[in-house]
Asker: 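My structure is below; once you've seen it, I'll send some questions.
Just so we're clear, the structure is a prediction, and the values are computed from it rather than from any experiment. In what follows, every chain begins at residue 1, and chains take the letters A, B, ... in the order their sequences are listed.
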2 protein chains.
Amino acid sequence: MKLTPLQQEFVLHFGEMGSRWGINRTVGQIYALLFLSSEPLNADSITGALGVSRSNTSMGLKELQSWNLVRLKHFQGDRRDYFTTPEDLWEIVRILVAERKKREIDPTLTKLRELEMSGPAGDDYAEARIAELRELIEMMTGFYAEMEKLETERLVKLMTMGQRIAGLIDKAGGVLPALTKRK
Amino acid sequence: MKLTPLQQEFVLHFGEMGSRWGINRTVGQIYALLFLSSEPLNADSITGALGVSRSNTSMGLKELQSWNLVRLKHFQGDRRDYFTTPEDLWEIVRILVAERKKREIDPTLTKLRELEMSGPAGDDYAEARIAELRELIEMMTGFYAEMEKLETERLVKLMTMGQRIAGLIDKAGGVLPALTKRK
DNA sequence: TCTTCATTTCAGGAATTTCTGAAATCTCTG
DNA sequence: CAGAGATTTCAGAAATTCCTGAAATGAAGA
């Protein structure tokens, strides 16, 4: 499978960005390729298009599956696995945010709670700092949980409200939560 | 400088998480150490506390400075540089988000625009997909720009509104933006 | 200007991650 | 259940990233 120049450049860019995004080059390239393909692709097409080894493709696809970023498809009379990305970009965003939260935030939140549970350490500043950090993360993950519940339509509306958001926040009733209190 | 068990465990955790966060172990540990210190620390204290080489500390601090994550302090009659993290956790969050956007999103947004500018490639699906992705990222960065403008107090209020957000969105006037349109 | 202390640079070694080819496993079909 | 096709596993090679010690640079005070 030969790539068009457009596909080629997009694929290479995703490969280069991979390391910043916490995936390796091949995984980035595979994802980019699937993202631009109207048709599902099998592992051999991917291998050919990217010029990597078959086993590398296999590992990359496994990694993408562990991220929930690809969908498996099958065709009548063909035993091979075919892969696609979700059509709906919002679904992709939801998956990405959920997975990054799981990998980058949750373990730390757990660790902070553990540290707090293990009782006073006679280190007031550190303890306060840890508690504050945990509260902040909890607030942010709580907000995330609410955003996650919104259907795409509402989410889009919120994201395109512009400066009107500030006004809306002010108009809304409710108590100022403890975390805001000034030092 | 000897660490308390609490500091020790926190520091080691940040070191381990470093690779998932896109920084190396030493950078993670230095940041964790500074985060838990009520007093600013100089490079030698850090080196001693973490048991790494002086040059590694130097490079780590440089990296943290490039992320804008540490502040420099000086004391009367002491030529050495001392480092701290911002007291205000919300400031830290703002910096982190801004820097990650700069490193992980902006280059791709630029690339997508370039690809679109380089004219029709005779690959309708890929072109549409790229345009759609660019629009999505623009919407999200636009939303981010609004959030960035909010003072912390309003931000906290928004983040703790819970399910009331959905209602607020509905009550707010405004047109449904094009991006929502169903396929 | 010289000396001393602080910091940075950098070449090369250590550690880790990525990738490959070959072999193993899995799974259909005849 | 044998054989062919598809996929995965895995040991080691290749590439990359991280870290160190030594040397270079910078910056203040004598």
Side-chain angles (χ1 to χ4, degrees), chain A residues 1 11-34 40-67 70-84 103-104, chain B residues 1 11-34 40-67 70-84 103-104:
Chain A
M1 182 183 160
V11 162
L12 291 178
H13 175 79
F14 268 54
E16 286 161 11
M17 293 299 289
S19 56
R20 301 197 194 186
W21 296 337
I23 56 178
N24 67 42
R25 178 177 27 207
T26 308
V27 172
Q29 291 186 352
I30 294 174
Y31 189 77
L33 179 61
L34 294 177
L41 301 177
N42 63 44
D44 281 320
S45 314
I46 296 170
T47 300
L50 301 183
V52 298
S53 72
R54 180 62 183 75
S55 55
N56 196 4
T57 300
S58 176
M59 291 188 301
L61 285 168
K62 230 182 108 191
E63 169 87 357
L64 285 172
Q65 284 175 285
S66 86
W67 276 82
V70 292
R71 302 274 169 271
L72 210 49
K73 274 204 115 186
H74 286 104
F75 293 100
Q76 174 63 245
D78 187 338
R79 286 156 59 181
R80 292 171 295 179
D81 292 338
Y82 285 78
F83 300 88
T84 38
R103 288 155 203 250
E104 300 182 9
Chain B
M1 181 183 162
V11 162
L12 291 179
H13 175 79
F14 267 55
E16 286 161 11
M17 292 300 287
S19 56
R20 301 197 195 187
W21 296 337
I23 56 179
N24 67 42
R25 176 174 34 207
T26 308
V27 172
Q29 291 186 351
I30 294 174
Y31 189 78
L33 180 62
L34 294 176
L41 302 177
N42 63 46
D44 280 320
S45 314
I46 296 170
T47 299
L50 301 184
V52 297
S53 72
R54 180 62 182 74
S55 55
N56 197 4
T57 301
S58 175
M59 291 187 301
L61 285 168
K62 228 183 106 190
E63 169 87 356
L64 286 172
Q65 284 175 286
S66 86
W67 276 83
V70 292
R71 302 274 169 271
L72 210 50
K73 273 205 116 187
H74 287 104
F75 293 101
Q76 175 63 246
D78 187 337
R79 287 157 56 181
R80 292 170 295 180
D81 292 337
Y82 285 77
F83 299 88
T84 40
R103 289 155 204 251
E104 300 182 9

Asker: For B/S58 and C/dT8, is the shortest distance between a side-chain N/O and OP1 or OP2 below 4.0 Å?
Answerer: yes

Asker: A/R20 CZ to D/dT16 P: how many Å, rounded?
Answerer: 16 Å

Asker: In whole angstrom, give the distance that lies between atom CG of B/D78 and atom P of D/dA28.
Answerer: 13 Å

Asker: Could you check B/L50, B/T47, B/D44 and say which one makes a side-chain contact (heavy atoms from CB on, under 4.5 Å) with B/T57?
Answerer: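 Passing option: B/T47.
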
Asker: Using a 4.0 Å heavy-atom cut-off, does A/D81 contact any base of the nucleic acid, only the sugar-phosphate backbone, or nothing at all?
Answerer: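 The answer is sugar-phosphate, as A/D81 gets under 4.0 Å only of primed atoms, P, OP1 or OP2.
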
Asker: As a quick check of understanding, evaluate side chain to side chain contact (heavy atoms under 4.5 Å, CB included) for B/I30 and B/V52, giving each step before the final call.
Answerer: CA-CA 10 Å; B/I30 294 174; B/V52 297; over 6 Å; no

Asker: It should be established whether A/K62 places a side-chain nitrogen or oxygen under 4.0 Å from OP1 or OP2 of nucleotide D/dT7.
Answerer: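 For D/dT7, OP1/OP2 do not have a side-chain N/O of A/K62 under 4.0 Å.
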
Asker: What is the distance, to the nearest angstrom, from the CG atom on B/L61 to the C1' atom on C/dT8?
Answerer: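 So the CG-C1' distance, B/L61 to C/dT8, works out to 12 Å.
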
Asker: When the distance from CD of B/Q65 to P of C/dT7 is rounded to whole Å, what number comes out?
Answerer: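 It is 11 Å, rounded to the nearest whole Å.
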
Asker: For a side-chain contact (heavy atoms from CB on, under 4.5 Å) with B/D81, tell me which candidate from B/N42, B/L41, B/L61, B/L72 qualifies.
Answerer: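 Between B/D81 and the candidates, side-chain contact (heavy atoms from CB on, under 4.5 Å) is satisfied uniquely by B/L72.
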
Asker: Which nucleotides of nucleotides 14-30 of chain C have their base under 4.0 Å from a protein heavy atom (B), which only their sugar-phosphate (S), and which neither (-), written as one string 5' to 3'?
Answerer: ----SBBB-----BB--

Asker: Can any side-chain N or O of B/R20 pair as donor or acceptor with the backbone N or O of A/R103 at less than 3.5 Å?
Answerer: yes

Asker: How are the rings of A/Y31 and A/F14 set relative to one another: parallel (under 30°), tilted (30 to 60°) or perpendicular (over 60°)?
Answerer: parallel

Asker: Going from CZ on A/R80 to NZ on A/K73, what distance comes out if it is rounded to the nearest 0.5 angstrom?
Answerer: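 Between A/R80 CZ and A/K73 NZ, I get 15.0 Å after rounding to 0.5 Å.
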
